[in-house]
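Quick notes on the structure that follows.
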Amino acid sequence: MQRNKFTTMRSLKVLDRCKGAQVYALHTTGGGGGDVGDKLYHQLQDHLSVNPVRPISMHNYQSSNVPLAYVNETLLPYGLPVSDLLEPQIESCLKFVDFIGTLADLYRRIENCPQFEKTGMYLEQCAIFKGLSDPKLFRRTLRAARQHTVDVHSKVVLAAWLRYERREDELRGTNSMNCCGRNIECPKATLVPGYNPEFIYDPCVCSKNPRGESVDDYSIEDVECSTSDEYRDMSFCIGENEIRCIRYCIASLSTPFRTMLYGGFRESRKEKINFTQNGISIECMKAAELYSRIRRVDSFDPRIILELLTFSNRFCCDDLKSACDSYLASLVNDVENALLLIEYGLEENAYLLVAACLQVFLRELPNSMHSPNVMKYFCSPEAKERLALVGHASFLLYFFLSQIAMEEDMKANTTVMLLERLADCATERWQKQLAYHQLGVAMYERKEYKDAQSWFEEAYESGHIYSKVGIARTKCKRGHKYSAYKMINSLISEYKPVGWMHQERSLYCDGKEKMSDLEMATELDPTLCFPYKYRAVLLLETNKIGAAISEISKIISFKVSPDCLELRAWISIAMEDYERALRDVRALLTLEPNYMMFHGKMHADHLVELLRPFVQQWSQADCWMQLYDRWSSVDDLGSLAVVHHMLANDPGKSLLWFRQSLLLLRLNCQKAAMRSLRLARNHSTSDHERLVYEGWILYDTGHCEEALARAEESISIQRSFEAFFLKAYALADTSLDQESSAYVIQLLLDALRCPSDGLRKGQALNNLGSVYVDCEKLDLAADCYMNALNIKHTRAHQGLARVFHLKNQRKAAYDEMTKLIEKARNNASAYEKRSEYSDRDMAKSDLAMATQLDPLRTYPYRYRAAVGPEHEVSAFAVLMDDHKENEAIAELTRALAFKPDLQLLHLRAAFHDSMGDYASTVRDCEAALCLEPNHADTLELYNKVRELVKEQ
């Protein structure tokens, strides 16, 4: 057993190292550009050595120009934050007391459900993953739901949702009906019913047959002439006009026609039948007669086809209706057409036509969310019923719409109405929990506390335990604070406590009890922002401003959020540190450009303008030098603020938007990073540059092959650093066997031969060194790292340490990591990596520091639970050596309470397996496979334990 676990841990260790040294490094730095890059860097360095940029003390400004009272009134017009007014937001997603058990149960149900029901299961998984910080999990599950969809309605909604997740509406020059080239999102493929999961990622065929074109050419006149009058044995008379028909062909249109023309009715014996009173136009009847012979409608005028649709419903002509429905659906390509045709579709129960119209509306989101003409088809109960009659009202549809509405404006009437329709469509337990809870959150935000409490109670009765938080909060707002306290207290007593329970109880108590709950909340879940914010404001109120800054900085160091940056800026203004305040506000604006400060009373952009006179003014050249300095000190927030400053001076500079996106990715702010990347693409001034940014967008949303294609197309237009870098990165992430490694090396060398700035060249050298290490070319790797360090790429110390370690120069490796710790402002990862080159006691100390600085890093928990550094083979099972399996499991469980992680789950499963606790092993394996269904080591352990259980 122990040997198996040791193998497991070593594989996890290698994965972690590769992620840190190769894949992550390849993707974390910002955009190049210009043949003056390196020269500019050295010129700026020379300039600043003579004329250094120094922060100007605020006291100098105050003594000479500005009275302090005026400064406070200008910069703090709404005073300082007050601890009693702080409260955490009620999260709108599904939350669980036993999240690991929830994941395991969901995995079992997905594996055991019939193929045609998998879409619903994956939709539930989407709802659960929506509450996690990694959007890739949500997108992957959304793709799985689309892959297993059968009906057109679900295909339309899921394809539109996938498109929305990329926010292609923000890309200039794109059309909402543009095809991505794959069946999974193709607007034509979505209108084809059927189950074909194996073809979902294949290239679509829409380019071979453009919308609206027929496969072959023919004219109505030719077809009319092709049938002789001698075969036309009857007529329909409309007024004075007579339409000659073939009785058999008309009878074949439907059962009513067959009965009328060949049954016992008088019309069966008549040659002429009067249709004047049936409300059918001559053109429509002629078209029906022609269709009865040729079985096609694609050469008719759309107005005639709409009449034929009505005709087909009146006389039950199913094939004719299907042909009209399909052809009209093919004509819908913009909102104007959709608004015109959807009424016909709803009136005539035309399933495909309505689907096509909905597709346009959904692919135009979020813009269409603000159109009353569009939203009238979704919001009201009557609108939902009309859609239901045509087969287009579903929980899936309103799930999609309501999520976007909440992102746009949680308090809006549209949001509430869509959530009400979501509740109307909810049938399964999890659907009711989600819909009722989100209605409660919306009502709470609107301060409609009575209604909010009612909805939270509905969600709780449906089984959503977290909704008790909403019930307690609304009770407190309505004057029943002690009742709220008792409710949360009972929750802590009844279930295994988690961080949010203690956080919530702290709202309803005071003094030491309140602080004790907040400390316990942080201990159980260090990612909760509210405890840090409350303690910081409390320190500020007692005039301990430095301690307040330190407290809020603890969470900012590993979890960047606008509200925490706002609070630190607020406190910095109070302590007259205007440079730090401006830095934080600028960084905040890169996360949320429209953020409102001071309880929503001042736009953050306005505060930037107010702060600017009180700090040193930088030219664009000064900014570049500042960026180099912050980059070399691994100060990502400082770098982000400098880039924001540069963009304020030059908002059309695409490489700056690109650099901003990569800094945001490094800070794990993926949504903001993608927005910056789209802006980089929009501001690109050449095709080859635009293709690179489009490639990164595709890569970051899981389309690696398309990203490679964009890189190759860009290189074919112009060889550039960024195009080669993108191609090398995407290939390195796909596979790194010997042949592909050689190709990646060549691509990176090609990139380094192209003009770029020192920051990007440092990154490329660092990545090249990592590939050389994997190819065991240690001297070449060392050269790359040294060259990177020469141009201030500080992270190269980590790669150089790895080279020394592989050369059995452990002390040199340790010293390299010490240099990185000393230079880096954000150094949690450096402490973690240095532990690999330390003795056991020092390693434990370094890992304790890494956890203190960043509790989200998983390797320290794994080490403390089971395995020493890679070089300490004899130290396998640090706790296992002393037979302390329970302590090891407790260490992993502590981290899993706030970070559901594949590697942590896999390791805990291995411990359970070694102890013979197969039920727990299976649970942890299933939870891990819910996060990553193809994880080979977990699948192997899972199958082995299930076989053992069967044998027993």
Side-chain angles (χ1 to χ4, degrees), residues 55 57-59 75-76 79-86 88 499 502-503 506 512 514-588 591 597-598 611 615 630 633-641 667-669 821-832 845-857 860 898:
S57 170
M58 186 56 228
H59 300 289
L75 300 180
L76 294 173
L80 293 170
V82 179
S83 59
D84 290 341
L85 298 180
L86 294 176
H502 286 279
Q503 173 180 271
S506 74
K512 291 183 178 179
K514 187 184 192 78
M515 298 309 295
S516 175
D517 264 334
L518 289 172
E519 290 298 332
M520 181 59 69
T522 299
E523 182 179 336
L524 292 173
D525 185 354
T527 67
L528 294 172
C529 296
F530 174 73
Y532 300 93
K533 291 170 66 176
Y534 185 87
R535 289 189 291 262
V537 174
L538 201 64
L539 288 165
L540 178 64
E541 290 174 340
T542 56
N543 207 32
K544 298 175 180 176
I545 301 180
I549 289 283
S550 297
E551 180 64 28
I552 195 62
S553 295
K554 289 177 184 177
I555 190 166
I556 292 174
S557 67
F558 66 89
K559 183 182 178 182
V560 178
S561 63
D563 56 329
C564 291
L565 286 172
E566 176 195 11
L567 181 56
R568 190 166 72 176
W570 207 338
I571 298 172
S572 297
I573 293 172
M575 68 185 297
E576 303 174 36
D577 187 349
Y578 301 115
E579 288 205 355
R580 176 152 56 181
L582 183 58
R583 179 199 64 191
D584 283 344
V585 177
R586 286 192 181 280
L588 181 160
L591 300 176
M597 304 276 292
F598 310 136
L611 285 167
V615 299
R630 281 160 174 73
S633 62
V634 196
D635 177 8
D636 295 327
L637 272 178
S639 300
L640 203 55
L667 291 166
N668 203 31
C669 302
I821 288 171
E822 292 169 350
K823 293 179 181 179
R825 187 180 182 92
N826 302 321
N827 52 19
S829 65
Y831 278 106
E832 177 183 301
S845 174
D846 277 347
L847 291 173
M849 180 61 73
T851 298
Q852 180 181 332
L853 294 172
D854 184 355
L856 292 174
R857 304 192 72 85
F898 59 87

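The figures that follow rest on heavy atoms only: side chains count, while hydrogens, waters and symmetry mates do not. Keep in mind that what you see is a predicted model, and the values were worked out from it rather than measured.
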Between the side chains of Ser829 and Arg857, is a donor N or O closer than 3.5 angstrom to an acceptor N or O?
no
Looking at residues at least two apart in the chain, or sitting in another chain, which of them share a side-chain contact (heavy atoms from CB on, under 4.5 Å) with Pro81?
Val537, Leu540, Leu567, Trp570
Judged by atom type as modelled, is there a donor-acceptor pair below 3.5 Å linking the side chain of Ser557 to the main-chain atoms of Leu853?
yes
Expected output: side-chain Tyr831 to main-chain Thr851 donor-acceptor under 3.5 Å:
no
side-chain contact (heavy atoms from CB on, under 4.5 Å) with Ala547: which residues, sequence neighbours excluded?
Leu539, Lys544
What one should report as the nearest heavy-atom pair of Ala641 and Arg586 is O-CD, 3.5 Å
Partner set under salt bridge (charged side-chain N to carboxylate O under 4.0 Å, His left out) for Lys514, not counting sequence neighbours:
none
Ser516 side chain to Lys512 backbone, donor-acceptor under 3.5 Å
no
Could you tell me the separation between the CZ atom of Arg568 and the CG atom of Asp577, rounded to the nearest 0.5 Å?
10.0 Å
Salt bridge (charged side-chain N to carboxylate O under 4.0 Å, His left out) contacts touching residues 556-567 (sequence neighbours left out)
Lys533-Asp563
Could you name each residue pair satisfying salt bridge (charged side-chain N to carboxylate O under 4.0 Å, His left out) that touches residues 519-530, not counting sequence neighbours?
Glu519-Arg535
Show the nearest heavy-atom pair for residues Leu75 and Phe598, with the distance to one decimal.
O-CZ, 3.7 Å
Closest contact, heavy atoms only, Ile556 versus Val560
O-CG2, 3.6 Å
Only counting residues at least two apart or in another chain, list the ones meeting side-chain hydrogen bond (donor to acceptor under 3.5 Å, both in side chains) with Glu822.
none
